[in-house]
Amino acid sequence: MRNVIIIGSGPAGYTAAIYAARAGLEPVLLASSVEAGGELMNTTEIENFPGFPDGIMGPDLMAKFQEQAERFGTEVILDDVTELDLRGEIKTVKTGYSGEFEGRTVIFATGSAYRKLGLGDEDRLSGRGVSWCATCDGFFFKGKEIAVVGGGDSAMEEATFLTRFASKVYVIHRRDSLKASKIMQDRAFANEKIEFVWNSEVTGITGEGAVDGVTLRDTVDGSERHLAIGGLFVAIGNDPRTHLIHGQLDLTEEGTIAVEGRSSRTNLPGVFAAGDVIDPHYRQAITAAGSGTVAALDAEHYLSALDDAEKLEAEGETTEAEALIASA
Amino acid sequence: MTARAVDQASFQAEVLNSDKPVLVDFWAEWCGPCRMVSPILDQIAAENPDKLDIVKVNVDENPQLAMEYQIVSIPAMKVFQNGEVVQTVIGAKPKAALEADLAAVLA
């Protein structure tokens, strides 16, 4: 039986692990088999994580998170969670190849998954010019004209990164202004290889064996046109990854896991959630890390209340024991 | 065991002329998902020594092969049989999903 099972290996999961491990709770962290390290594994330079004034590469930062979590006794397992039962006092978590884990608490930090455009040709042309990972695939578009869809920080980062390879990068955005941070906007505006295509929505992707263009609809006058490009990078946002817990944990209207106030407490006792999976607004590495801290402290508090309650129960003080558990 | 590297020069002999089906893992140092999927491919290779050979092509060092096989997204895993591409799997996936994708070759 584990004290704490952490699901997810981004900044939230690893920070929760660091705190839980330092509290002597010997957490196990289920990191996933192919997405360990989370979203930052596919980023390049991170300039806004405090403590790294010269910036740090995303994968390097995640390696440090992992090292710090392991230093205090976190067991990191590179496997995927396939099934969960969070309802009882003992939670069970099944994995692909590493068997089943039982825990007194679970911290859910599964982050979010990139959002698709939802077009019929998107899956057909995925890996054939449609991509969600500029750092993985940008290399293959040397000297080509390509496009990024989206208007946030990640769209600006991808567009700027892709100008290393592409001869031209169109940024297609539905509105006439960006929601990206000022520094990212300024960098994109100053880049001569980037051209903005405002008020435009991608309604189709064309090409037989590979992408050769996109159909754009003007969001102001509804007119349609075709833009010839050799690759399309989709950066239109993320959705919280909650498929594992459907029906067990309450969700908010935005689709994130519902937590009580500023805590990490879900609707089930002993189950905590942290990071992007509870955050529809901020979604930063540092806010996720902070959120992981909250979850570890909440889990620690819950476990000590549970221990105290068990002692009281052993002494026959059932009512007080129940009150303690209820308050945790 | 780590899958051996194949390059432009050895591709014909090691992949196209092989009697066994060969899965070619097109990868690069800078590709995070490639690093994640690589040990999974090694496991699959070790568990199916008679059915499938697994080799790696570094796209940085072998741009002609990447271009010839129209790689625009990595990791890209192509299965060659009798010199022809019979299957393409793109993107890092958990072991069970990869095995399902490769079911025809591993059967």
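Throughout, protein chains are lettered first and strands after them, A, B, ... in sequence-line order, and every chain is numbered starting at 1.
- Annotation: maximal heavy-atom pairing with chain A below 4.5 Å, among Val59(B), Thr88(B), Ile40(B), Ile90(B), occurs at Val59(B).
- Counting all heavy atoms, side chain and backbone alike, Trp30(B) lies closest to Cys136(A) at CZ3-O, 2.9 Å.
- Nearest heavy atom pair, residue Phe139(A) against residue Asp60(B), reads CE1-OD1, 3.0 Å.
- Scanning all heavy atoms of the two residues, the minimum distance from Asn42(A) to Pro33(B) falls at OD1-CD, 3.5 Å.
- Lys93(B) and Val34(A) get closest at one heavy-atom pair: O-CG1, 3.2 Å.
- Expressed to the nearest 0.5 Å, how far CE of Met36(B) lies from CG of Leu78(A) amounts to 5.5 Å.
- Below 4.5 Å, heavy atoms of chain A meet heavy atoms from Ile71(B), Val72(B), Ser73(B), Ile74(B), all part of residues 69-81 of chain B.
- Here the closest non-hydrogen pair linking Ala66(B) and Phe140(A) is CB-CE2, 4.3 Å.
- Highest contact tally toward chain A, considering only Cys34(B), Cys31(B), Ala92(B), is held by Ala92(B) [criterion: heavy-atom pairs under 4.5 Å].
- Around the NZ atom of Lys64(A), the shell of radius 6.0 Å holds no more than 12 heavy atoms that belong to other residues, nucleotides or ligands.
- Between chain B and the options Gly230(A), Ser33(A), Ser126(A), heavy-atom pairs under 4.5 Å are most frequent for Ser33(A).
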